[in-house]
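Have a look at the structure below, then the notes.
Remember, predicted model here, so these are calculated numbers, not experimental data.
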Amino acid sequence: MKTLLVTAGMITFTVIANLLLKTGAVMGRAAGGDWWMQLLNWRVGAGFASFAIAALFYTVLLREVPLNVAQAFTAAQFIAIILASALVLAEPITAARWIGIAMIAGGIAVVGWSWD
């Protein structure tokens with residue numbers, strides 16, 4: 001149960017970080033100016049902070065499971081980010097992406113079932 005909660009925490013903060021970085025980059029670009037100044041907004045900073053929190057969760061996860069298993073479990077973040085981008089940012093998910101999502105989920109399942 002602890003492994004599941006820690007993995008969920010890591011994935012949650014990774015999703016939040018990606019959404020913040022995306023919205024910060026888009027808003028910064030819309031504001032104009034130098035590209036590096038566009039990145040100096042609160043969303044980008046909060047995105048980096050969210051990645052740092054996700055890294056802390058990942059470090060705890062690595063104490064509990066082998067690295068190869070942890071990496072497979074954390075691949076679920078790719079699925080979560082794609083789904084979050086569709087729900088929050090209204091980005092489309094094409095049929096090819098759904099196939100990719102299914103393949104990622106299948107790989108995670110195989111590793112999960114094979115872990116002792």
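- With values rounded to the nearest 0.5 angstrom, Ile82 atom CD1 is found 12.0 Å from Leu87 atom CG.
- Across Ala17 and Gly47, no two heavy atoms sit closer than the pair CB-O, 3.3 Å.
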(request) In sequence, state the C-alpha distance, the side-chain angles, and the governing distance for Phe48 and Leu20, and then conclude on side chain to side chain contact (heavy atoms under 4.5 Å, CB included). (result) CA-CA 9 Å; Phe48 287 141; Leu20 285 166; over 6 Å; no
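- With Arg43 contributing its side chain and Lys22 its backbone, the two residues share no donor-acceptor pair below 3.5 Å.
- Cluster annotation: Val6 is connected to Leu67 through the hydrophobic network of ILVMFWY side chains, with a link wherever side-chain heavy atoms come within less than 4.5 Å.
- Separation of atoms CD (Gln77) and OG1 (Thr12) is listed at 11.0 Å; rounding is to 0.5 Å.
- The two atoms that bring Ile79 and Ala105 nearest to each other are CD1-N, 3.8 Å, heavy atoms only.
- Going from atom CD of Glu64 over to atom OG1 of Thr7 covers 9.5 Å, rounded to the nearest 0.5 Å.
- A heavy-atom distance below 4.5 Å is found between the side chains of Thr74 and Leu61.
- Annotation: the span from Arg97 atom CZ to Ile104 atom CD1 amounts to 12.0 Å, rounded to 0.5 Å.
- Using a 4.5 Å cut-off between side-chain heavy atoms of Ile, Leu, Val, Met, Phe, Trp and Tyr, with links allowed through other members, Phe73 and Leu56 fall into different hydrophobic clusters.
- Just one residue in the list Phe78, Tyr58, Phe57, Phe51 forms a side-chain contact (heavy atoms from CB on, under 4.5 Å) with Thr14, and that residue is Phe51.
- Inter-residue side-chain proximity for Ile11 and Ile81 is flagged as unmet; no heavy-atom pair is nearer than 4.5 Å.
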(message) Applying side chain to side chain contact (heavy atoms under 4.5 Å, CB included) to Ile16 and Ile53, what does each step give before you reach the verdict?
(response) CA-CA 10 Å; Ile16 292 167; Ile53 295 168; over 6 Å; no
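- Contact check for Val60 versus Lys2: side-chain heavy atoms found under the 4.5 Å cut-off.
- Across all their heavy atoms, Ile108 and Ala72 have their closest contact at CG1-O, 3.3 Å.
- Note on Leu5 and Val15: separate hydrophobic clusters, where clusters join Ile, Leu, Val, Met, Phe, Trp and Tyr whose side-chain heavy atoms are under 4.5 Å apart, directly or indirectly.
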(request) Evaluate the criterion side chain to side chain contact (heavy atoms under 4.5 Å, CB included) for residue pair Ile93 and Ile101; output intermediate values, then yes/no. (result) CA-CA 10 Å; Ile93 302 175; Ile101 289 169; 4.2 Å; yes
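- No donor-acceptor pair closer than 3.5 Å links the side chain of Gln71 to the backbone N or O of Asn68.
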